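Have a look at the structure below before the remarks.
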Amino acid sequence: MTSTLSAAAGKTGPAAETVTTTTTAPGTTAPGTTEAAEATESTQMTAVTAAAPATETEPETGPETGPETGTGTAAGKAAASARRRTGTARIPAADLPRPRATRVDVLLCLGLLAVIMLVQAWNITRFPTLSDDEGTYLAQAWAVQQGEGLAHYTYWYDHPPVGWLQIAFLTWIPSLITPEWMTVATMRYAMLPVSAASAVLVHALALRLRLPRWSALAAMALFGLSPLSVVLQREIFLDNLAVMWMLLAFWLAASPSRHLWHHFAAGLAAATAVLTKETMLLVLPALLVTMWRHSHRETRKFAVTGAITSCVLAGLLYPLFALLNNELFPGTGHVSLIDGIVYQLSRPGSGSLFQAGTGSHAVVQSWLYYDSVIIYGGLAGAALLVVTHRWSVTARALAGPALAVVILAVVITRPSGYLPAMYVIQALPFLALVLAASAASVSHAVLWRRRSGREGLPQRRPVAVLRWTAAVTLGAAAVAVVAPTWYQGNKTALTQDANAPYRAAVAWMGQEVAEPATTRVLVDDAVWLDLVHQGFEPGTGVIWFYKADLDPAVTATLPGGYRDIDYVVSSPTVRRDAVDLPIVKDALEHSTPVAVFGDGEDRIEIRRIAGGDR
């Protein structure tokens, strides 16, 4: 099953001035270990900008992309010797208190969040097209709410159930108020809190990684307002929930206080992300890199070990659940976790990304149709951060997100791999972060001025004017590239109605079928719940078309094959996948359309089975 996608001032760069403190005598307590030292450290941090990412051994006086003066070089040894003679010592950068979000940061974040929510909520029920995957996850959440088990049919370990358990929680109160609201189109509104939480976490993570305020807001805007995000984050996909949990794990891993429990909690959040959508396993190495770089060196091993332990122990709950149900290993007459894993790993590949006509090529083209800026820009930004990792403070601070982009990009180039349309969702926050960080690095490189030998002297006015002119020109060029692409993509999402045929088909079934309780109809899961609310019997009356052939419990209720079915609601998904489903294929071949809604490949047909026994 796949989802279908329709065809700033002052110091602006993320660097900081050198922060030093005067020691009273060699061997005295290091700054940060006593209250007096903490006060001195805090006072001297006024020179540090909110954009200054740093690590324990990184000098921060040079330009953003300038070479490091390592302690092993002659210059580094001379600098260290001078500090010892003068009684000064540089505070390790990772031990500096990190700037906290101010009231201005909060207000700006909330203002941008309001814009993002408005754009994502507008026209949410009508675009994009309802998908079978959305219907499946919501129907499984409905089954949980009804006490019918973990799925509306036999749960066969295709995905861990944590994802739709969260969906069941998000949709529980609305479904209690009005049960008829429990349909795909309406319950898309339940995804808005998830999108809001993820957008805020992107902004908070950017600040924790010491990006400038404007850059953190840019990352949030890229993540929340990209047409690709607007389209995909509206949909009821497990990936959107998993991204929220993984962003929380990154935020905890980059905690400025670096308490051990923050790292343990990061491991739990990462496990929840993986148990929500197992493809989040790919991002775990990037999370470990972030945790390693932002943990205290004296407790780093404990922190990382604790995070890994908490993640693994939480993740083991899933196979333990299968074991307790005697469904861990394959066997006769029951499903198993092993069979589910084998199925996912053996799904037919989508072909080469670089070969026209393959599934992978079509999926990537659909992403680029909505927003090529965040994809190409994010990939270029990740490459820039990787290349400048030796010289750039920002590149080292963003090592984790950049690695996530690299891993996710490499995976989709496998010609034998299966590439679903929603795969890009887990890359969107990291693409946004590295693109915004790269913009901050370029801005710093343009506006930074060398201070060596010129402390206290103003920058020459012509040079300053030239630098700011270059910065403004680059910013205007970026807007000129982004604006047309985003305008067209978001215009489509905010104005088109792609779901009118589905609404019309559901209305027809409700009005024209005299006895829905005894009528059997094949549908895709996009409208399964709609017909349940119309009075059709869930499970064996309104049948998710895959189950007619693939679920023995359902197939047993169809001894006459297609003849035991009255109607087929033929959607693009049904027609596409019927070729591998004998009963569904026969039902389409032995039926005639009695109503057609829409036209072309996206049409919805109501087909009456001809020559049936019913």
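Values in this document were obtained by computation on a predicted structure and should not be read as measured data. The analysis underlying the following values was restricted to heavy atoms, covering all of them including side chains, and did not include hydrogens, waters or symmetry mates.
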(request) May I have all residue pairs that pass side chain to side chain donor-acceptor pair (under 3.5 Å) and include part of residues 399-410, sequence neighbours excluded? (result) none
(message) Which residue in the set W528, W181, W164 passes ring pair (Phe, Tyr, Trp, His ring centres under 6.0 Å) when paired with W142?
(response) W528
(message) Under 6.0 Å between ring centres: does that hold for Y343 and W156?
(response) yes
(request) Check for a donor-acceptor pair, side chain of R234 on one end and backbone N or O of M191 on the other, with a separation under 3.5 Å. (result) no
(message) side chain to side chain donor-acceptor pair (under 3.5 Å), that's the test. Do Q140 and H152 meet it? Break it down for me.
(response) CA-CA 5 Å; Q140 290 169 325; H152 54 319; 4.9 Å; no
(request) Examine distances only and state if a side-chain atom of S175 and a backbone atom of W172 form a donor-acceptor pair shorter than 3.5 Å. (result) yes
(request) Using atom types as modelled and distance alone, determine if a side-chain donor or acceptor of H533 lies under 3.5 Å from a backbone N or O of M182. (result) yes
(request) Give the C-alpha distance, both sets of side-chain angles, the deciding distance and a yes or no for side-chain contact (heavy atoms from CB on, under 4.5 Å) between R208 and W251. (result) CA-CA 7 Å; R208 284 202 166 179; W251 183 75; 3.2 Å; yes
(message) Under the criterion side chain to side chain donor-acceptor pair (under 3.5 Å), I'd like the reasoning laid out for H262 against S257: C-alpha separation, chi angles, the key distance, then a yes or no.
(response) CA-CA 9 Å; H262 288 167; S257 59; 3.2 Å; yes
(message) Quick check against the 3.5 Å criterion: does S336 have a side-chain atom that pairs as donor or acceptor with the backbone of D339?
(response) yes
(message) Rounded to the nearest 0.5 Å, what separates atom NE2 in H296 from atom CG in L260?
(response) 11.0 Å
(message) Taking the side chain as everything from C-beta on, heavy atoms only, tell me whether K277 gets closer than 4.5 Å to D239.
(response) yes
(request) List the atom of Y370, the atom of S366, and the distance in Å for their closest heavy-atom pair. (result) CD1-O, 3.3 Å
(message) Is it the case that the side chain of W292 and the backbone of L287 share a donor-acceptor pair, with hydrogens and angles ignored and the cut-off at 3.5 Å?
(response) no
(message) So does L232 get a backbone contact from the side chain of E235, meaning a donor-acceptor N/O pair under 3.5 Å?
(response) no
(request) Can you see which heavy atom on L217 is nearest to which on L112, and at what distance? (result) O-CD2, 3.4 Å
(request) Identify the heavy atoms of P227 and D371 that sit nearest to each other, and give their distance. (result) CD-OD2, 3.8 Å
(request) Please answer whether the main-chain N or O of I124 pairs with a side-chain N or O of R188 as donor and acceptor at a distance below 3.5 Å. (result) yes
(request) Might you point out which heavy atoms bring L433 and V202 nearest each other, and give the distance in Å? (result) CD2-O, 3.9 Å
(message) Distance check, rounded to the nearest 0.5 Å: L403 atom CG versus L288 atom CG?
(response) 10.0 Å
(request) Give a yes or no on whether the backbone of A436 and the side-chain of S215 come within a donor-acceptor separation of less than 3.5 Å. (result) yes
(request) Scan side-chain atoms only and decide if S295 and R300 contain a donor-acceptor pair under the 3.5 Å cut-off. (result) yes
(message) For a 4.5 angstrom cut-off between non-hydrogen side-chain atoms, does L228 reach I375?
(response) yes
(message) If you apply the rule side-chain contact (heavy atoms from CB on, under 4.5 Å), what do you find for T186 with T183, and how did you get there?
(response) CA-CA 6 Å; T186 305; T183 60; 3.4 Å; yes
(message) When you measure from the side chain of S226 to the backbone of F223, do you find a donor-acceptor pair of N or O atoms at a distance under 3.5 Å?
(response) no
(message) Counting C-beta onward and ignoring hydrogens, is there a side-chain heavy-atom pair between H294 and S255 closer than 4.5 Å?
(response) no
(message) Is there a side-chain contact between T388 and S441 in this structure, where contact means two heavy atoms from C-beta onward sitting under 4.5 Å apart?
(response) no
(request) Report the C-alpha distance between Q166 and T272 in whole Å, list the side-chain angles of each, state the deciding distance to 0.1 Å, and finish with yes or no for side chain to side chain donor-acceptor pair (under 3.5 Å). (result) CA-CA 11 Å; Q166 297 172 65; T272 305; over 6 Å; no
(message) Testing the 3.5 Å rule here: is there a donor-acceptor pair between the side chains of T358 and S360?
(response) no
(message) Within the structure provided, determine whether N499 and F127 are in side-chain contact (heavy-atom separation under 4.5 Å).
(response) no
(request) Check G400 against T290 and note the closest heavy-atom contact, atom names and distance. (result) CA-OG1, 3.3 Å
(message) Quick check for you: to the nearest 0.5 Å, what is the distance between L275 atom CG and L241 atom CG?
(response) 13.0 Å
(request) Could you grab the distance from atom OG of S198 to atom CE of M244, nearest 0.5 Å is fine? (result) 6.0 Å
(message) As a test of understanding, state which of D525, T136, D132, D577 forms a side-chain hydrogen bond (donor to acceptor under 3.5 Å, both in side chains) with Y546.
(response) D577
Side-chain atoms of residues 305-329: list all donor-acceptor pairs with protein atoms under 3.5 Å, sequence neighbours left out, distances to 0.1 Å.
residue : atom : partner : partner atom : Å
T305    : OG1  : K301    : O            : 2.7
T309    : OG1  : T305    : O            : 2.8
S310    : OG   : F264    : O            : 3.0
S310    : OG   : G306    : O            : 3.2
S310    : OG   : A307    : O            : 2.9
Y318    : OH   : Y155    : OH           : 2.8
N325    : ND2  : F321    : O            : 2.7
E327    : OE1  : Y157    : OH           : 2.6

(message) When you compare the side chain of V184 with that of Y502, does any pair of heavy atoms fall below 4.5 Å?
(response) no
(request) Any chance you could measure L252, atom CG, to L205, atom CG, to the nearest 0.5 Å? (result) 10.0 Å
(message) Would you compute the distance between atom CG of L201 and atom CE of M246 and round it to the nearest 0.5 angstrom?
(response) 12.5 Å
(message) Using side-chain heavy atoms (C-beta onward) and a distance below 4.5 Å, is L408 in contact with Q426?
(response) yes
(message) Would you say that L209 contacts P401 through its side chain, given a criterion of any heavy-atom pair below 4.5 Å between the two side chains?
(response) yes
(message) What verdict does the side-chain contact (heavy atoms from CB on, under 4.5 Å) test give for W544 and D551, after you've listed the backbone C-alpha separation in whole Å, the side-chain angles of each residue and the deciding distance to 0.1 Å?
(response) CA-CA 10 Å; W544 183 22; D551 190 334; over 6 Å; no
(request) Evaluate the criterion side-chain contact (heavy atoms from CB on, under 4.5 Å) for residue pair R396 and R293; output intermediate values, then yes/no. (result) CA-CA 8 Å; R396 290 188 288 275; R293 295 200 61 86; 3.3 Å; yes
(message) Using a 3.5 Å distance criterion without hydrogens, assess whether the side chain of H263 forms a donor-acceptor pair with backbone atoms of H259.
(response) yes
(message) Restricting to non-hydrogen atoms, name the atom on L419 and the atom on S350 that form the minimum distance, rounded to 0.1 Å.
(response) N-OG, 2.9 Å
